[in-house]
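Note: hydrogens, waters and symmetry copies are ignored here, and every other heavy atom, side chains too, is used.
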Amino acid sequence: VQLQASEGGSVQAGGFLRLSCAASGRTFSTFYMGWFRQAPGKEREFVAVIRRPGDVTTYADSVKGRFTISRDNAENVVYLQMNNLKPEDTAVYYCGAGYVRYLTIQREYNYWGQGTLVTVSS
């Protein structure tokens, strides 16, 4: 499985961006798909995950109510809609895929995209 994330971008605080992550392989629809991020000087942290079956979503408290994760199984794409962005959302964002037991633990994810930079200015 290969994951290809879209380009990030630079926005002002309060703005929005949508990230996408396209996956190859026929098993996409069975994977849990997650987003993590890594800010400068910090460890990679969990952002959101969408589970299978049922597309149940889980979010980090820091993004709850502002970010939305979704997936298109027909197109093998997972999205992260980010609204009301804050400077503290500045990070490199990574999409991950796998059969995950512990949703917020990055080593549970077997496959990773290349990372994409999101910069939010105040």
Side-chain angles (χ1 to χ4, degrees):
V1 174
Q2 291 185 326
L3 303 178
Q4 180 68 45
S6 60
E7 287 191 14
S10 297
V11 297
Q12 290 190 327
F16 64 91
L17 280 174
R18 189 176 79 159
L19 302 180
S20 64
C21 178
S24 63
R26 293 179 292 177
T27 55
F28 172 82
S29 63
T30 65
F31 282 148
Y32 287 29
M33 297 297 298
W35 288 95
F36 285 69
R37 66 186 182 187
Q38 187 167 16
K42 295 187 177 181
E43 294 186 352
R44 193 177 298 189
E45 65 175 5
F46 168 78
V47 175
V49 63
I50 185 165
R51 290 176 269 169
R52 297 292 289 171
D55 290 346
V56 178
T57 57
T58 301
Y59 297 93
D61 288 342
S62 59
V63 306
K64 201 172 294 183
R66 300 188 297 121
F67 290 13
T68 302
I69 187 171
S70 61
R71 65 195 296 164
D72 183 335
N73 291 320
E75 298 294 330
N76 284 7
V77 180
V78 63
Y79 300 99
L80 186 68
Q81 178 68 43
M82 305 182 292
N83 297 330
N84 190 21
L85 282 160
K86 303 176 180 181
E88 51 265 42
D89 295 318
T90 295
V92 176
Y93 284 71
Y94 297 88
C95 60
Y99 300 111
V100 178
R101 293 175 300 169
Y102 303 103
L103 304 177
T104 65
I105 306 300
Q106 62 171 320
R107 66 175 178 268
E108 291 279 316
Y109 294 75
N110 305 100
Y111 308 99
W112 290 95
Q114 81 279 18
T116 187
L117 178 62
V118 172
T119 303
V120 185
S121 57
S122 57

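Follow the hydrophobic side-chain contacts under 4.5 Å out from V11 and you reach V47 in the same cluster. Using a 4.5 Å cut-off between side-chain heavy atoms of Ile, Leu, Val, Met, Phe, Trp and Tyr, with links allowed through other members, F46 and V63 fall into different hydrophobic clusters. Both V1 and M33 are members of a single hydrophobic cluster when ILVMFWY side chains are connected at heavy-atom separations under 4.5 Å.
Heavy-atom neighbours of Q12 CD from other residues, nucleotides or ligands within 6.0 Å: at or below the threshold of 12. Within a 6.0 Å radius of CD in E75, other residues, nucleotides and ligands contribute 12 heavy atoms or fewer. For CD of Q2, the number of neighbouring non-hydrogen atoms (other residues, nucleotides, ligands) closer than 6.0 Å is 12 at most.
Judged by distance alone, with hydrogens and angles left aside, the side-chain atoms of S122 form no donor-acceptor pair with the main-chain N or O of P87 at under 3.5 Å.
Donor-acceptor pairing under 3.5 Å is recorded for the side chains of Y99 and T30.
In this structure, the side chains of V78 and W35 come closer than 4.5 Å at one or more pairs of heavy atoms. Contact annotation: the side chain of Q114 approaches that of Q4 to within less than 4.5 Å [non-hydrogen atoms, C-beta and beyond].
Taken to the nearest 0.5 Å, the CG atom of L80 stands 9.5 Å off from the CG atom of L17. Interatomic distance, CG of L85 versus OG1 of T119, reported as 10.5 Å (0.5 Å rounding). Here the CE atom belonging to M82 is positioned 11.0 Å from the OG1 atom belonging to T68, to the nearest 0.5 angstrom. From R37, atom CZ reaches atom CZ of R44 across 13.0 Å, with rounding to the nearest 0.5 Å.
P40 and T90 make their closest contact through CD-O, 4.3 Å (heavy atoms, listed as atom of the first residue, atom of the second, distance). In terms of heavy atoms, A23 sits closest to L3 at CB-CD2, 3.4 Å.
Under the side chain to side chain contact (heavy atoms under 4.5 Å, CB included) rule, Y79 has a single partner from C21, S70, S6, which is S70. Partner Y109 forms a ring pair (Phe, Tyr, Trp, His ring centres under 6.0 Å) with one of Y32, Y102, F36 and no other, that one being F36.
Ring planes of W112 and Y94: perpendicular class, angle over 60° (limits at 30 and 60°). Under the 30°/60° scheme for interplanar angles, the aromatic rings of Y93 and F67 are found to be tilted.
A cation-pi arrangement is found for R71 relative to F28, the charged atom lying closer than 6.0 Å to the ring centre and inside a 45° cone about the ring normal.
By the 4.0 Å N-to-carboxylate-O rule, D89 lies too far from K86 to be salt-bridged with it.
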Kindly list each side-chain donor-acceptor pair under 3.5 angstrom involving residues 53-60, sequence neighbours excluded, with atom names and distances?
| residue | atom | partner | partner atom | Å |
| --- | --- | --- | --- | --- |
| D55 | OD1 | R52 | NH1 | 2.9 |
| T58 | OG1 | R51 | NH2 | 3.1 |
| Y59 | OH | I69 | N | 2.9 |

